Amino acid sequence: MTENFLKRFWPAAAHIDRFERMRASTGALFGLVLTGIVTHLLLGNTLGAAMLIAPMGASSVLLFAVPSSPLAQPWSIIGGNLVASLIGVTVGKLVGAPVLAAGLAGGLAIFAMFWMRCLHPPSGAVALTAVLGGPAIHAMGYNFVAAPVLINSFLLLATALFYNNATGRKYPHVATPSVAVSHDTKDAPPLRRLGITPEDLDATLARYNEVLDISREDLQAILLETERHAYQRRFGVIACSDVMSRDVLSVEYGTSLNEAWQILHSHRLTALPVVTKGQHVIGIVTKADFINHAQPDNHTGLKGAMAKLLQPVKNTHSAKPEVVGQIMNREVRTAFQDQPVVDLVPLMSDAGLHSIPVLDADRRLVGMLTQSDMIATLYEKNLQPPPQRPAVLTAVPGGKA
């Protein structure tokens, strides 16, 4: 009984590997040292011990250890420290009792940060530093806001911007964007019509009514990833190589538009990957690309516009596209042959992709995965009978079980 009670106070292990722990620790060391040195070079000894204020240590934990947190974003540290320092200096001048002044500064700073959407926990310590920092801090007055608070904040933020991106962590953190409906209708994207919807998440968060150290979009992305993981656990992992088409038709950058169109038309395809001599994918060309560049109007119509586009120009120089490389889409989404098929469901449904080139470990084209392949695979797997559960016997009063 006592052992179980004490276990509640022991935190669960974090799912963070050794590299991430070293990355965060080294970033904080790098950021604090650089911030202190540059502040000293800019201001000299005019600030004394306030050259690097203590709350920057707490800010470094957020900026380097949890850079994806909403509390660690640029506006959070700049806006939070600005408003907290202003409130702290003002309250320190108006209220003589240190304890009361500290309480008022902290409470008002939190209220203001909520209102300005810049909640940053270390800013509470900035407000208290302005009140309880001693004669040297009090003598600065409102100069404390600019130096060292804002100078420290901007320098630490600049370091975090460089270090996090250099070590593979996108900062500022961009939440997973909402998928737009490809047909410009009021319908939600396909994956949002089943399972957890944004409305479900909003309703739950409203009932929870507490600040979460994660954005709404990231939380939804984690839930979606969890659903995909549960699907793989239940039905097994199907790799792209298991279901992709291996006899892939492709074109090169210099393939003529007429030749590429004939391949699409004769083989009833919607897309062709564009590859180099070494079979590395550099783009993809679709029937939609041809139609967009044909630019049909009321006079020529689609058939006439397509004929004009596909007809080679005899002149040496022409503004009209002549080869595939001039109309292809360079931002092509690809998959790897060992990648689970279920990872591509959002791309095929919400993003509206019809075909995805599949690459090997050397990033060479080895296959093509289409919406038809996905539908057949998911249908086949869902035909499997669910796991058998043991029968439950119910006793019948006065009779046999």
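Keep in mind that what you see is a predicted model, and the values were worked out from it rather than measured.
- Side chain of Q371 to backbone of L353: a donor-acceptor contact under 3.5 angstrom is found.
- Residues passing the salt bridge (Lys or Arg N to Asp or Glu O under 4.0 Å) test with D247: none are found, sequence neighbours excluded.
- The nearest pair of heavy atoms linking Q279 to S250 is OE1-OG, 4.3 Å.
- In plain terms, the two heavy atoms of T270 and S355 that are nearest each other are OG1-OG, 3.8 Å.
- Side-chain contact between V358 and Q339 is absent, with no heavy-atom pair separated by less than 4.5 Å.
- At least one donor-acceptor pair under 3.5 Å links the side chain of N152 to the backbone N or O of I53.
- The number of heavy atoms from other shown groups lying within 6.0 Å of NE2 (H280) is above 12.
- Residues that satisfy the side chain to side chain contact (heavy atoms under 4.5 Å, CB included) test with H293, not counting sequence neighbours, are L309, P321, I327.
- Side-chain atoms of D362 do not come within 3.5 Å of backbone N or O of R364 as any donor-acceptor pair.
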- Query: Yes or no on side-chain contact (heavy atoms from CB on, under 4.5 Å) for E20 and R169, after CA distance, side-chain angles and deciding distance?
  - Reply: CA-CA 10 Å; E20 177 60 19; R169 295 292 179 268; 2.7 Å; yes

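- Aromatic ring orientation, Y163 versus F30: tilted (interplanar angle from 30° to 60°).
- Two residues are said to be in side-chain contact when any heavy atoms from C-beta on lie closer than 4.5 Å; D289 and M328 fail this criterion.
- The closest side-chain heavy-atom distance from P67 to H173 is not below 4.5 Å.
- In this structure, the separation between NE2 on H354 and OG on S372 is 10.5 Å, given to the nearest 0.5 Å.
- The residue from V275, L264, L272 that alone fulfils the side chain to side chain contact (heavy atoms under 4.5 Å, CB included) condition with V251 is L272.
- Put simply, the side chain of T35 does not reach to within 4.5 Å of the side chain of S153, judged on heavy atoms.
- Here the CD1 atom belonging to I263 is positioned 10.0 Å from the CG atom belonging to N258, to the nearest 0.5 angstrom.
- Residues T286 and N329 have side chains that never bring a donor and an acceptor to within less than 3.5 angstrom of each other.
- Taken from CD1 in I87 to CD1 in I110, the straight-line distance is 10.0 Å, to the nearest 0.5 Å.
- With L108 as reference, V91 is the one residue of V91, V83, L86 to meet the side chain to side chain contact (heavy atoms under 4.5 Å, CB included) rule.
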Kindly list each side-chain donor-acceptor pair under 3.5 angstrom involving residues 139-149, sequence neighbours excluded, with atom names and distances?
residue, atom, partner, partner atom, Å
Y142, OH, T90, OG1, 2.8

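- In this structure, the side chains of Q73 and C118 stay at 4.5 Å or more apart for every pair of heavy atoms.
- Taking the side chain as every heavy atom from C-beta outward, Q326 and L257 never approach each other to under 4.5 Å.
- Between L34 and T159, the shortest heavy-atom distance links the atoms CD2-OG1, 3.7 Å.
- Contacts of Y171 classified as ring pair (Phe, Tyr, Trp, His ring centres under 6.0 Å), with partners at least two apart in sequence or in another chain: none.
- The list of salt bridge (Lys or Arg N to Asp or Glu O under 4.0 Å) pairs with a residue in residues 262-277, not counting sequence neighbours, reads E252-K277.
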- Message: Run the side-chain contact (heavy atoms from CB on, under 4.5 Å) test on R23 and N164 for me, step by step, so that the C-alpha distance in whole Å, both residues' side-chain angles and the decisive distance to 0.1 Å come before the verdict.
- Response: CA-CA 9 Å; R23 190 201 66 81; N164 283 327; 3.0 Å; yes

- Task: Decide side-chain contact (heavy atoms from CB on, under 4.5 Å) for M244 and V366; before the verdict, give the C-alpha distance in whole Å, the side-chain angles of both, and the deciding distance to 0.1 Å.
- Result: CA-CA 9 Å; M244 68 184 185; V366 293; 4.0 Å; yes

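- Surrounding CZ of F336 are more than 12 heavy atoms belonging to other residues, nucleotides or ligands, all under 6.0 Å away.
- Within the model, atoms CH2 of W75 and CG of L119 stand 12.5 Å from one another, a figure rounded to the nearest 0.5 Å.
- Between V131 and A105, the shortest heavy-atom distance links the atoms CG2-CB, 3.8 Å.
- Using a distance-only test at 3.5 Å, with no hydrogens or angles considered, a donor-acceptor pair links the side chain of S76 to the main chain of P70.
- The side-chain heavy atoms of T26 and F64, taken from C-beta on, include no pair separated by under 4.5 Å.
- Here the closest heavy-atom approach between residue R246 and residue S241 is recorded as NH2-O, 2.8 Å.
- With rounding to the nearest 0.5 angstrom, the CG atom of D200 is 11.0 Å from the CG atom of L205.
- Interatomic distance, OG1 of T370 versus CE of M348, reported as 6.0 Å (0.5 Å rounding).
- In terms of heavy-atom proximity, L156 sits nearest to L63 at O-CD2, 3.9 Å.
- Sequence neighbours left out, the pairs with a member in residues 51-66 that pass side chain to side chain donor-acceptor pair (under 3.5 Å) are S59-H120.
- Side-chain contact between E210 and Y208: present, with at least one pair of heavy atoms (C-beta onward) separated by less than 4.5 Å.
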